[in-house]
Amino acid sequence: MQGCASVRPDVVTYGILVNGLCKAGRVGDALRVLDGMSRQDLDIRPDVVTLNTVVDGLCKSGRVQEALAFVEQRMSSVHGCPPNTVTYNCLIDAFCRVGNISMAYELVEKMENEGVPQNIVTLNTIVGGLCRAGRTGAALEFFREKRTVWPEGKGNAVTYSTLVGALLHTNNVGMAMELFHEKMSEGHSPDAIMYFTMISGLTQAGRLEDACSMASSMKEAGFKLDTKAYNILIAGFCRKKRLHEAYELLQEMKEVGIRPDVCTYNTLLSGSCKAGDFAAVDELLGKMIDDGCQPSVITFGTLVHGYCKVGKIDEALRILRSMDESGIHPNNVIYNTLIDFLCKRGDVDLAIELFDEMKEKSVPANVTTFNALLKGLRDKNMPEKAFELMDQMREERCFPDYVTVDVLMEWLPVIGETDRLKRFMQQGEHTASKRIVSDRTSA
DNA sequence: GTAGGGTTAG
């Protein structure tokens, strides 16, 4: 035993505590610990790592301006720790995530002016921020520009998978492939995330054969596809109505010991519904349960949608009723599906019954619910009930969208209710602008 | 003890 001195907390102990609090979303508590450290008459002072942890905690909890103020007003003057590369990287990431790219650029410039070196994470953070903002071209340009002037600007696996993923998701398959091979030709081999990005992006771009050959390369390189990768490929085959191959992948998963999850089954159920193969649906439901995979609210939603789509609304209603025994509460997606199809079939009364049932069961109606009902009421020309719903929308602060506006604009003026439409719209505008303000202030 | 890349289903 070394005595008590060896178990006294040091700055790293505090660092672990502060980090734990931040990661648990308790930034306020982290700040209090930091204040406690600063006040104590111990020889422990927060260091740059502790401070960066708090800065990142503030950033990741959406308190970006506070993080910036903390860096500018406290780090050097109060704590004697000037911001370093990590500090700036946290801030840059946060400003990118709230869409303030110009502030992110400003911070990069500030690093230059203050002699804080940029590193590979700075590069990847900006590249990622631009890609997320849909500015893939600007991201590529930024990379091309910095790769020669920044000491760490050459780009690593993160840079390339970010860019390749963004290119694939914007359907720029040619450029994505070029970049992928550029990295490979330098003697680098893809890591698991790069493979995943390629598989997911190629599938998204509709290039299933390429996605599959990428999956083969991944296996040859000694990686295993995980459940998510299989799910993505299965969804891709389902979208292309190639159910046989989708089911083969399920078989392959089982053979190589990757467990299908509820999402795997839901994807295949949805595909089988869309193919109209309800015998396969029943068989797969059985397998799913045998496999220890409990149906979720999405499973029920898939089945309800599938039966509605082929006009078997009674069967869809039977599934809604069967949810009670399963202990899974129907949500508004399920009710909306049924209400929409009932209205389209002209069965507005039953749709309204379901709408009332939602209220009894405290399932919140949303704009999709109201739109479906309003369309049904328009088709049956039942304005009184529609006015009632419009009032409810206002009371429940459910804001009309372009569909609501569309439906009412082609209906109410025809039946001489233009004024009521105007009032409804004005209320919408008024409250909608208030809502935007309150969203901003609470963010 | 701190920062950056993949998330599939109604």
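Here is the naming used below: chain letters follow the sequence lines, and residue numbers restart at 1 for every chain. What you see below is based on every heavy atom in this structure, not just the backbone, and it leaves out hydrogens, waters and symmetry mates.
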Test for a donor-acceptor pair under 3.5 Å between the base of [N] and the side chain of [X], counting only N and O atoms.
| X | N | answer |
| --- | --- | --- |
| A:T50 | B:dG1 | yes |
| A:D191 | B:dG6 | no |
| A:D10 | B:dG1 | no |
| A:N119 | B:dA3 | yes |
| A:T302 | B:dG10 | no |
| A:N156 | B:dG5 | no |

Taking the side chain of [X] as its heavy atoms from C-beta onward, which of [options] lies nearest to it?
| X | options | answer |
| --- | --- | --- |
| A:N266 | B:dG5, B:dG1, B:dA9 | B:dA9 |
| A:D47 | B:dG10, B:dG1, B:dG6 | B:dG1 |
| A:C263 | B:dA3, B:dT7, B:dA9 | B:dA9 |
| A:A235 | B:dG1, B:dG6, B:dT8 | B:dT8 |
| A:R132 | B:dG6, B:dA3, B:dG5 | B:dG5 |
| A:S296 | B:dA9, B:dG5, B:dT7 | B:dA9 |
| A:C90 | B:dT2, B:dA9, B:dA3 | B:dA3 |
| A:N52 | B:dA9, B:dT2, B:dA3 | B:dT2 |
| A:T162 | B:dG1, B:dG5, B:dT7 | B:dG5 |
| A:S200 | B:dA9, B:dT7, B:dG5 | B:dT7 |

Once you round it to whole Å, what is the distance between [atom2] of [N] and [atom1] of [X]?
| X | N | atom1 | atom2 | answer |
| --- | --- | --- | --- | --- |
| A:K228 | B:dG5 | NZ | P | 14 Å |
| A:L21 | B:dG1 | CG | P | 16 Å |
| A:Y14 | B:dG1 | OH | C1' | 14 Å |
| A:N366 | B:dG10 | CG | C1' | 14 Å |
| A:M194 | B:dG5 | CE | C1' | 9 Å |
| A:L303 | B:dG10 | CG | C1' | 9 Å |
| A:L58 | B:dA3 | CG | P | 14 Å |
| A:I199 | B:dG5 | CD1 | P | 20 Å |

Point to revise | Donor-acceptor contact present, side-chain A:S272 to main-chain A:V281, <3.5 Å | key: no
Name the nucleic acid region contacted by [X], choosing base, sugar-phosphate or nothing; use a 4.0 angstrom heavy-atom cut-off, strictly under.
| X | result |
| --- | --- |
| A:L233 | nothing |
| A:V11 | base |
| A:L51 | nothing |
| A:K60 | sugar-phosphate |
| A:N331 | base |
| A:V127 | nothing |
| A:A157 | base |
| A:I232 | sugar-phosphate |

Exercise for review: Go through the steps to decide whether A:L21 and A:V18 satisfy the test side-chain contact (heavy atoms from CB on, under 4.5 Å), and finish with yes or no.
Suggested key: CA-CA 5 Å; A:L21 288 169; A:V18 167; 5.6 Å; no
Please tell me if [X] has a side-chain N or O lying less than 4.0 Å from either OP1 or OP2 of [N].
| X | N | value |
| --- | --- | --- |
| A:N231 | B:dA9 | no |
| A:T299 | B:dA9 | no |
| A:K23 | B:dT2 | no |

Point to revise | Cation-pi, A:F278 ring and A:K312 (6.0 angstrom, 45 degrees) | key: yes
Pair [X], [Y]: side-chain N/O donor-acceptor within cut-off below 3.5 Å:
| X | Y | answer |
| --- | --- | --- |
| A:Y160 | A:T197 | no |
| A:N371 | A:T368 | no |
| A:T299 | A:S296 | yes |

**Study point:** Chi angles and distances behind the side chain to side chain donor-acceptor pair (under 3.5 Å) call for A:T53, A:D56
**Key:** CA-CA 5 Å; A:T53 305; A:D56 195 49; over 6 Å; no
Point to revise | Passing option when A:I298 is tested against A:L303, A:V333, A:V262, A:N266 for side chain to side chain contact (heavy atoms under 4.5 Å, CB included) | key: A:N266
